[in-house]
Participant: 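Before I ask anything, here is the structure I am working with.
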Amino acid sequence: MTTTRSAGHLEVRGIAKRYDKVSAVDDVSFRMAPGEFLTLLGASGSGKTTTLKIIAGFEAPDSGEVWLGEQPITQLPAHRRNIGVVFQNYALFPHLTAAENIAFPLRVRGIGKAERAKRVRHALATVRLEGTGDRYPRQLSGGQQQRVALARALVFEPQVLLMDEPMGALDKRLREALQLEIMRIHRELGITICYVTHDQEEALVMSDRIAIYDDGRIRQVGTAEELYELPESVFVAEFMGESNVFHGTLDGKGKVGRLIAPRRPPITVSIDGPCPIGDGADAVVVVRPERIRVLRRRRGDSEPEPGRNILTGVVQDVIYLGSDRRYLVALPDGSTCQARVGAAHADPGIGRGDHVELTWDRADAILLEAPAAEREATS
Ligand code: ADP
Ligand code: MG
């Protein structure tokens with residue numbers, strides 16, 4: 001294997017696939033830069049595997065196209081696509097040794113014996129399994145078997161590598177070790193990787209960008225930071241990390257908007273640029289727990305500092321997490337707000353039953369359209 005392979009520039013254009021009444025994938029599109037590591041992240045049944053099968057050529061889409069570089073590959077059989085695939089359940093041939101397993105894709109492609117042996121040696125070295133080529137799968141641990149599967153997917157120098165929950169069957173320690181191996185190989189080979197997982201942390205650790213799947217569709221594609229800081233929907237905001245979600249009606253005035261909830265003081269938000277949500281429309285404001293400060297309530301009426309929002313409430317619970325404290329605070333309307341305060345800033349004297357002020361910079365409040373189902377329910 002050389003490290004000068006041409007990395008793939010993979011593009012999926014509006015693919016859709018139905019199984020009877022189930023829409024497994026519905027109008028999915030994304031474009032990967034050569035050498036990029038993109039993760040498809042979503043709950044079980046959201047269409048991730050179906051997407052990979054269509055890219056690999058194991059399933060034909062009902063509509064849409066797959067492109068690799070300047071070439072449409074939707075009609076090509078799987079073995080002519082120059083795409084390597086690793087599945088969760090290693091799928092090694094049990095009656096072949098590790099080396100024979102790795103050599104298999106080379107045989108299929110008609111590569112001669114001497115060249116095969118050379119490439120297999122190199123692939124074994126890439127996944128750090130030198131010396132185990134003669135063993136059968138049953139003589140290898142789960143982690144080693146998965147590295148053989150990885151070597152087999154890399155040995156024919158594909159432009160793109162697809163991985164479908166490759167750590168799913170491994171315990172936590174092995175998973176972390178294999179994660180690092182995959183990240184090293186990605187760096188060293190510069191190969192384009194489309195990776196599937198339902199594990200948010202794994203996605204955050206490994207990916208350049210993440211595509212959030214929901215019910216056969218992609219809700220948003222972006223870097224971890226973009227998805228966390230600039231979610232485009234309540235679904236993505238709630239999917240990535242923890243959040244407080246406030247519902248109400250938008251009262252927008254210039255650069256400042258107010259979310260008017262039925263029984264709570266208004267929540268102010270900064271509106272940067274043109275507001276995508278009409279004045280008077282149902283809206284949602286998301287505030288991340290770590291953006292909220294928790295202060296003991298002062299006497300008299302509380303006035304927020306300029307540019308900040310303030311809510312008052314009563315502490316229900318304080319959870320000590322070492323690096324920070326998590327406060328669960330009951331708001332006057334009966335809902336609960338969560339705040340996370342770093343150890344350096346937390347007041348250890350605040351406990352259950354204390355009256356507190358919750359404040360945050362209004363620029364930290366994320367203004368979003370109310371989810372469609374909710375808008376229908378209230379209209
Ligand atoms: P994921 O990998 O995200 O868990 P899948 O792509 O495997 O999701 O499945 C998406 C949806 O399509 C699910 O509802 C699943 O039950 C359905 N599905 C997948 N493959 C088939 C199939 N061969 N026949 C019928 N339904 C399928
Ligand atoms: Mg799957």
Side-chain angles (χ1 to χ4, degrees), residues 10-32 36-66 73-75 77-78 81 83-92 142-143 145-146 149-150 152-153 158 160-172 174-175 178-179 182 192-222 224 227 231-233 235-240 373:
L10 180 73
E11 189 176 353
V12 170
R13 295 186 186 166
I15 55 169
K17 178 80 185 172
R18 293 185 73 86
Y19 297 106
D20 296 323
K21 293 199 181 68
V22 179
S23 171
V25 172
D26 181 13
D27 194 21
V28 160
S29 299
F30 57 82
R31 202 185 154 92
M32 293 178 66
E36 186 174 26
F37 194 121
L38 175 75
T39 295
L40 315 184
L41 174 66
S44 174
S46 59
K48 309 180 299 292
T49 294
T50 304
T51 303
L52 281 203
K53 283 181 174 168
I54 290 170
I55 297 170
F58 304 140
E59 288 278 9
D62 298 334
S63 54
E65 293 179 336
V66 182
I73 59 169
T74 326
Q75 307 301 328
R81 292 192 180 196
I83 293 177
V85 188
V86 179
F87 292 109
Q88 175 176 335
N89 51 353
Y90 332 123
L92 298 178
Q145 288 182 49
Q146 199 52 312
L150 181 56
R152 186 178 60 180
V160 174
L161 179 63
L162 309 179
M163 307 185 89
D164 193 353
E165 313 227 15
M167 328 264 195
L170 304 178
D171 66 40
K172 187 169 156 49
L174 277 178
R175 233 174 20 233
L178 191 59
Q179 260 178 27
I182 292 171
T192 307
I193 297 184
C194 185
Y195 189 91
V196 161
T197 184
H198 65 270
D199 182 330
Q200 192 186 123
E201 196 182 318
E202 194 170 291
L204 292 177
V205 169
M206 301 181 78
S207 322
D208 294 319
R209 286 189 307 154
I210 299 170
I212 306 281
Y213 267 66
D214 171 34
D215 201 16
R217 290 173 161 268
I218 292 182
R219 288 298 199 110
Q220 193 173 343
V221 187
L227 295 172
E232 289 165 3
S233 61
F235 181 88
V236 171
E238 293 197 299
F239 195 90
M240 298 293 286

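Since this is a predicted model, take the numbers as computed values, not measurements. Ligands are counted one by one from 1 in listed order, and the atoms in each one are counted from 1 as well.
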Participant: Just to confirm my output: which protein heavy-atom neighbour is closest to atom 19 (C) of ligand 1, and how far is it?
Facilitator: Y19 CE1, 3.4 Å
Participant: Which protein heavy atom lies closest to atom 12 (O) of ligand 1, and at what distance to 0.1 Å?
Facilitator: A24 CB, 3.3 Å
Participant: Does a side-chain heavy-atom distance below 4.5 Å link V66 with E11?
Facilitator: no
Participant: Considering distance alone, does some N or O of G45 sit under 3.5 Å from an N or O of ligand 1?
Facilitator: yes
Participant: Say whether A43 and ligand 1 are in contact under the criterion: heavy-atom distance to a ligand atom below 4.0 Å.
Facilitator: yes
Participant: Before giving the answer on salt bridge (charged side-chain N to carboxylate O under 4.0 Å, His left out), spell out for R209 and E36 the whole-Å C-alpha distance, their side-chain angles and the decisive distance to 0.1 Å.
Facilitator: CA-CA 8 Å; R209 286 189 307 154; E36 186 174 26; 2.5 Å; yes
Participant: Measuring from non-hydrogen atoms of G42 to any atom of ligand 1, is the shortest distance under 4.0 Å?
Facilitator: no
Participant: Close to the Mg ion (ligand 2), meaning under 2.8 Å, how many protein N, O or S atoms are there?
Facilitator: 1
Participant: Could you check if a side-chain atom of C194 sits within less than 4.5 angstrom of a side-chain atom of L161, using non-hydrogen atoms only?
Facilitator: no
Participant: Can you check whether a protein heavy atom sits less than 4.0 angstrom from atom 15 (C) of ligand 1?
Facilitator: no
Participant: Any idea which atoms of ligand 1 are less than 4.0 Å away from a heavy-atom of S46?
Facilitator: 1 (P), 3 (O), 8 (O)
Participant: Between atom OG1 of T49 and atom CD of Q88, what is the distance when rounded to the nearest 0.5 Å?
Facilitator: 8.5 Å
Participant: Hey, are the side chains of L178 and Q146 touching, using non-hydrogen atoms and a 4.5 Å cut-off?
Facilitator: yes
Participant: Around atom 3 (O) of ligand 1, find the nearest protein heavy atom and jot down its residue, atom name and distance.
Facilitator: K48 NZ, 2.8 Å
Participant: Quick check for you: to the nearest 0.5 Å, what is the distance between I55 atom CD1 and L10 atom CG?
Facilitator: 5.0 Å
Participant: Please confirm whether the backbone N or O of I73 pairs with a side-chain atom of R81, one donor and one acceptor, at under 3.5 Å?
Facilitator: yes
Participant: Has ligand 1 got any nitrogen or oxygen that is less than 3.5 angstrom from a nitrogen or oxygen of G47?
Facilitator: yes
Participant: Looking only at protein heavy atoms, identify the closest one to atom 5 (P) of ligand 1 and say how far it is in Å.
Facilitator: T50 OG1, 3.6 Å
Participant: Charged N to carboxylate O under 4.0 angstrom, E59 versus K17?
Facilitator: yes
Participant: Using a 4.0 Å heavy-atom cut-off, which part of V22 comes near ligand 1: side chain, backbone, both, or neither?
Facilitator: side chain
Participant: List the steps, then state whether side chain to side chain contact (heavy atoms under 4.5 Å, CB included) holds for L162 with I193.
Facilitator: CA-CA 6 Å; L162 309 179; I193 297 184; over 6 Å; no
Participant: Can I15 and T51 be said to form a side chain to side chain contact (heavy atoms under 4.5 Å, CB included), step by step?
Facilitator: CA-CA 8 Å; I15 55 169; T51 303; 4.1 Å; yes
Participant: Check each atom of ligand 1 against the heavy atoms of T49 and keep those under 4.0 Å away; list them by number with element.
Facilitator: 1 (P), 2 (O), 6 (O), 7 (O)
Participant: Do NZ/NE/NH1/NH2 and the carboxylate oxygens of R18 and D62 come within less than 4.0 Å?
Facilitator: no
Participant: Given side chain to side chain contact (heavy atoms under 4.5 Å, CB included), test M240 with L204 step by step and report yes or no.
Facilitator: CA-CA 10 Å; M240 298 293 286; L204 292 177; 3.6 Å; yes
